[in-house]
Amino acid sequence: MTADSSKTERYAARAAETRWQKLWDEQGIYATKNDDPRPKYYVLEMFPYPSGRIHMGHVRNYTMGDVVARFKRAMGHAVLHPMGWDAFGMPAENAAIDRKVHPKEWTYANIAAMKKQLQSMGLSLDWAREVATCDPSYYRHQQKMFLDFLKAGLVERKQSKVNWDPVDNTVLANEQVIDGRGWRSGALVEQRELIQWFFKISDYSKELLKALDGLDRWPDKVRLMQKNWIGKSEGLLVRFMLDAATVPSGETELEIFTTRPDTLFGAKFMAVAPDHPLATAAAARNPKLAEFIEECKRIGTSQEAIDTAEKMGFDTGIRAVHPLDPNWTLPVYVANFILMEYGTGAIFGCPAHDQRDLDFVNKYGLGNTPVVCPPNQDPATFVITDTAYDGDGKMINSRFLDGMSIDQAKEEVSKRLETTFLPPLEKGRSPVEARHASEDGRVGIIGDDRSPPRPSPFQGEGAQALAQSSNNAPVAQRQVNYRLRDWGISRQRYWGCPIPIIHCDKCGVVPVPASDLPVVLPDDINFDKPGNPLDRHPTWKNVKCPQCSGAARRETDTMDTFVDSSWYFARFTDPWNETSPTTPKAANEWLPVDQYIGGIEHAILHLLYSRFFTRAMHRTGHLNFDEPFAGLFTQGMVVHETYKSKSGDWIEPANVTIEGMGETRRAKLTSTGEALDIGSIEKMSKSKKNVVDPDDIIEAYGADTARWFMLSDSPPERDVIWTEEGVQGAWRFVQRLWRLNGEIARIAAPATRPAEFSEQALVVRKAAHRALNNVSDDIARLRFNRCVAHIYEFANALSDAIGSAETAPSPDFAWALREAGDILVRLFHPMMPHLAEECWAAMGHKTLVATEAWPQVEADLLVENTVTLPVQVNGKKRGDVTVAREAGEAEIKAAVLALDAVIKALDGKSPKKVIVVPQRIVNVVA
RNA sequence: GCGGGCGUGGCGGAAUGGUAGACGCAAAGGACUUAAAAUCCUUCGGAUGGAAACGUCCGUGCCGGUUCGAGUCCGGCCGCCCGCACCA
């Protein structure tokens, strides 16, 4: 039989795709029931922001998830594969300002448009569970949880620094501050202290860090990034007494945090942050210092300035007493490189072993004394000039520590200082407590008896004891410190979830009663003026206090949109529950998500917040586990070449014609023929215009082609380069599979399985089952590019077999070809579901391939009766031997030593050793 | 600066420590066609020997090491990418 493609019409992708999509939809085959008795599997892709159009990154992300969903369904699981919209956020407000569209209208129109696009991709999603975070039916539950968290002591209100745009009257995220100016207004950004709402994620620092170890189906990279972000460091809190003669009234001591107590004898100075209370106190009597502090704060706004800023300090004149030698005092500086937010906002400087401290002393001539001597260095001659030594070594110049290792010295100093006691501070006089009274801005919560004020700047263990000591307090306290800060969720914006709080002059901060939820965003707002429209709304803001019924005001801040996305995965398990955020039974059964797929850009914030939120939901009874995502996969980006005209404008690929190859490869503007510069390959972005619209691709080639190409070529975790050639290759393969299927469909095969198979039939069957085995394995491990390769290989083998077949193949061979065809269609179904349905129907099946079970591998067909082993002599390949599969080592050795190449290489001598690796290789050591 | 990852044909990339380059793309030659498209066949890391069959040598960024055997493991360089960044 020869291939007769003229009889098979080309596969009309678009027509077929809409037809099958309609049928799937009508039969509701992707809707998932919570009471489905089959084993549950939850696959989720990060839900999109409804910008209005999907992009290729979405196509790649959602195709991967869809392959997993379809595969697991075929493997007999009840699969939950939902989709929703991360629908609150700034772009909607920007559209309102720029185009006078209401954020709500804009958002819902975008959702409708994008939903249509997603549906054209043929994703096996359960749309009945669709949620949009901007819908009151979603955010009412979020408000409920906010109140639950508040009651559970997981929320607090405190003052914190923000980037404030004085023109737009709004808070800016760090990435919205460009060179110290607001990205929209261009105004110089100010640092302002605002009272804001915080989720106490730092209460979970230790737990979030520790639990990373258990996330063994997460990429190591992401776990490491989170580990670094949480930033655990173990050290010592040390109290330095201040020399009374040098101190502003009221100050008696300075508390610092250090991870290097071993280097205390190398101390040359103390330094505090410009906004440290001691600095403020000292500045009160020293105008020059006050001026210096002001300057530090000004420089502090722009990231670039921080990066390049020189170490600067100002001697306060205050002297601190060394905790290990009462006769030794150290100067106290205010320094621009000390952060108030970390530790106690104060340090002791040991220049010999810390580069920053060294830079500082070299500028101010304070000198340095090395106290750690590197191995193989003579302590007598070891000096530090401009490179600090932070490696291992033996203690020197350190009195009772001399000769110890760093670890021994740390232990010795810690032990001494934590058992040395100093008189306690007078009440209210501690710099630490003073700082909290003045800066923390904590406000008591009505009806909340579970959030006592915290006496220490630290969220870690150990701090309590130090601050609470009643009689004598130890000089030092071991302290585990974390870099992770509490999560500030207040946003001075309209298009977000309202924080369900009412401010009353009499009663203070009052939670909105649960029965009054949801607090719905008012629709009648305008963006004529800068700032938050909620704040100047005539009626919405003014309410009665739920406690005293007096006049009160609503909280006008809304929540960070990361809150919305921190629990949507749980909502999907029962989006119909109108009274609670979750139905615990459903959440506990479906979650954690078995496979979560999304971009690496969410490696820290979204994933960390979700991990916190799940714990908080656990604590407040909404579910009963801690980790939301058992398996995580981070896919690479879709990248494309860039094109630029001579006048410097970026040009879209759709308007570019490429000519020539390699050296002579040129790009020109299709319309005018103008020559263009071909630029680097970069992430598809609107600004570089190197985008390819999924709609155009689906229109021209169909969804299956786009899906297939997004899975081929590159490993899924790596970036994939979008090329026209690549799409066309995928398109050709779609057509080729269709033709191949047509040829197989025309073969008349017996209905019952033959008892015996000829060699010719066995070749086909082996190819089919080998492909089945490989593809199954690769999908399970998300190695989609290898699935693609194996399907190509299988299709090639099948084409060869058909090409070599007689006009009327024998019944056993015909049966084998039909079997192979059925397997092939089911193998590529998860990737190209529409083509698979079309082929399945053409093959005469009456069922939907989407509901078919995955084929069973016949293990017998995976093993060959004979095995060909490569033969090496001294590690270099010299030939092959073919032996029976179960041949013993002696038999194989004999065959190998009989090979001409081996005989020649041995040159009459006997081999030193013959290594036989069963089923693999033979190596003769001459 | 600190931390992590990656360097394999013209290109994207395969390869549980076991035949390096699967599979695809591009390219070249051929068949079919009035022609084109589509399709099919052949070649395709470098050097070299041979009429051919088929060989030989080199080759996974560079230098060393472990091993019967290294793209893979270890140490040191070079280059690129990513994350964090004055975190005490």
Side-chain angles (χ1 to χ4, degrees), chain A residues 2-6 10 219-229 231-233 235-236 256-260 263 271 273 303 306-311 335-339 341-350 354-357 359-360 390 481-485 600-601 603-604 661-663 665 709 712-715 717-721 723-730 732-733 735-736 739 774 783 785-796 799 803 868-880 901 911-917 919-926:
Chain A
T2 53
D4 185 356
S5 55
S6 64
R10 274 161 79 86
D220 289 341
K221 181 188 169 75
V222 174
R223 289 196 285 177
L224 187 68
M225 282 164 76
Q226 292 214 351
K227 185 182 167 205
N228 292 338
W229 186 263
K232 177 178 177 172
S233 62
L236 207 60
I256 61 101
F257 176 70
T258 179
T259 56
R260 293 297 302 272
T263 64
Q303 188 62 43
I306 291 170
D307 290 347
T308 54
E310 217 183 316
K311 306 266 173 294
N336 65 345
F337 63 98
I338 307 300
L339 305 174
E341 293 81 19
Y342 189 78
T344 62
I347 61 147
F348 82 84
C350 175
D354 182 296
Q355 192 61 46
R356 289 162 309 175
D357 297 346
D359 293 345
F360 189 77
D390 60 2
N481 201 21
Y482 295 92
R483 182 181 164 276
L484 182 65
R485 302 287 149 63
I600 187 76
E601 66 273 20
I604 297 175
M661 273 294 305
E663 294 283 290
R665 197 160 173 278
F709 178 48
S712 35
D713 289 356
S714 291
E717 69 278 8
R718 251 189 257 180
D719 290 352
V720 62
I721 306 173
T723 60
E724 189 58 26
E725 293 81 7
V727 194
Q728 279 170 2
R732 279 198 300 271
F733 190 59
Q735 295 298 339
R736 202 179 135 207
R739 283 194 306 274
N774 287 334
R783 302 198 293 196
N785 58 320
R786 295 180 18 137
C787 294
V788 166
H790 286 127
I791 290 171
Y792 268 113
E793 260 174 345
F794 181 26
N796 290 346
S799 297
T868 299
L869 299 172
V871 176
Q872 295 180 333
V873 177
N874 294 331
K876 287 191 177 167
K877 200 203 162 189
R878 289 291 181 248
D880 301 283
K912 283 197 191 119
K913 210 194 230 177
V914 179
I915 294 154
V916 179
V917 183
Q919 314 295 315
R920 277 279 173 203
I921 203 167
V922 182
N923 192 9
V924 179
V925 186

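What you see is a predicted model; the values in this text were computed from it and never measured.
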Atom-to-atom span, CG of A:Asn228 to C1' of B:rA85 - whole angstrom: 11 Å

First of A:Tyr792 and A:Arg356 reached from the 5' end of RNA chain B, by closest nucleotide: A:Tyr792

Sugar-phosphate, base or nothing in reach of A:Thr258, heavy atoms under 4.0 Å: sugar-phosphate

Out of B:rA26, B:rA22, B:rU39, whichever nucleotide has its closest atom nearest the side chain of A:Arg739: B:rU39

N or O in side chain of A:Asn785 less than 4.0 angstrom from B:rG24 OP1/OP2: no

Between B:rA85 (P) and A:Trp229 (CH2): distance, integer Å: 5 Å

Touch class at under 4.0 angstrom, heavy-atom based, for A:Gln872 against every strand present: base

Separation of atom CD1 in A:Ile721 from atom P in B:rG24, rounded to whole Å: 19 Å

A:Tyr482 to A:Tyr342 - nearest heavy-atom pair and separation: O-CE1, 4.2 Å

Atom-to-atom span, CD1 of A:Ile256 to P of B:rA88 - whole angstrom: 12 Å

Side-chain heavy atoms of A:Val925 within contact of A:Val914, under 4.5 Å: no

4.5 Å side-chain heavy-atom contact, A:Arg732 and A:Gln735: no

Pairwise C1' distance for B:rA38 and B:rC23, with rounding to whole Å: 23 Å

Contact under 4.0 Å: A:Arg483 side-chain N or O vs B:rA85 OP1/OP2: yes

Sugar-phosphate only, base, or nothing, as touched by A:Val917 at under 4.0 Å among non-hydrogen atoms: base

Touch class at under 4.0 angstrom, heavy-atom based, for A:Leu339 against every strand present: base

Length of the CE-C1' vector between A:Met225 and B:rG4, whole Å: 10 Å

Touch class at under 4.0 angstrom, heavy-atom based, for A:Lys876 against every strand present: sugar-phosphate

Any side-chain donor near an acceptor of the partner, A:Arg783 and A:Asn774, under 3.5 Å: no

Rounded interatomic separation in angstrom, taking NZ from A:Lys877 and C1' from B:rU56: 14 Å

Nearest-Å distance for atom pair CG/P, residues A:Asp390 and B:rG1: 13 Å

Atom-to-atom span, CG of A:Asp719 to C1' of B:rC6 - whole angstrom: 12 Å

Separation between the P atoms of B:rA26 and B:rC84, rounded to whole Å: 38 Å

B:rG3 to B:rU8 separation - P atoms, rounded to the nearest Å: 25 Å

Any A:Ile347 side-chain heavy atom under 4.5 Å of A:Asp357 side chain: yes

Polar pair under 3.5 Å, donor/acceptor by atom type, side chain A:Lys311, base B:rC86: yes

Rounded C1' spacing from B:rG71 to B:rG17 in Å: 11 Å

Parallel, tilted or perpendicular, as decided by the 30° and 60° cut-offs, for the rings of A:Phe733 and A:Tyr792: tilted

Touch class at under 4.0 angstrom, heavy-atom based, for A:Asp357 against every strand present: nothing

Side-chain donor/acceptor of A:Arg878 to base of B:rU19, under 3.5 Å: no

Closest listed nucleotide, where the reference is the side chain of A:Val925 and the choices are B:rC84, B:rC68, B:rC82: B:rC68

Between B:rC6 and B:rG12 - C1' atom distance, rounded Å: 15 Å

Student check: side-chain heavy atoms of A:Asp880 and A:Pro870 closer than 4.5 Å: yes

N or O in side chain of A:Arg732 less than 4.0 angstrom from B:rC25 OP1/OP2: yes

P gap between B:rC73 and B:rC87, integer Å: 33 Å

Salt-bridge contact A:Arg223-A:Asp220 (side-chain N to carboxylate O under 4.0 Å): yes

Touch class at under 4.0 angstrom, heavy-atom based, for A:Asp354 against every strand present: nothing

Touch class at under 4.0 angstrom, heavy-atom based, for A:Ile338 against every strand present: base

A:Pro715 side-chain proximity, nearest of B:rA88, B:rC25, B:rG13: B:rG13

Phosphate OP1/OP2 of B:rC6: any A:Arg718 side-chain N/O under 4.0 Å: no

Nearest atoms (heavy-atom pairs only) where A:Arg878 meets A:Ala901: O-CB, 3.3 Å

A:Asn874 or A:Ala730, whichever maps to the more 5' nucleotide of RNA chain B: A:Ala730

Side chain of A:Arg485 (C-beta onward), nearest among B:rC25, B:rC87, B:rC23: B:rC87

Distance between C1' atoms of B:rG9 and B:rU43 (Å, rounded): 15 Å

Whole-angstrom distance between B:rA22 and B:rG46, as gauged at atom P: 13 Å

Syn/anti state for B:rG7 [syn: chi within 90° of 0]: anti

Candidate nucleotides B:rC68, B:rA15, B:rA88, ranked by approach to the side chain of A:Asn923 - the nearest: B:rC68

4.5 Å side-chain heavy-atom contact, A:Lys912 and A:Asn874: no

Cation over ring face, A:Lys311 and A:Phe337, 6.0 Å, 45°: yes

Pairing string, 5' to 3', for RNA chain B - Watson-Crick or wobble contacts under 3.5 Å, brackets [ ] where pairs cross, | to another strand: (((((((..(((.....[....))).(((((.......))))).(((((....)))))..(((((..]....))))))))))))....

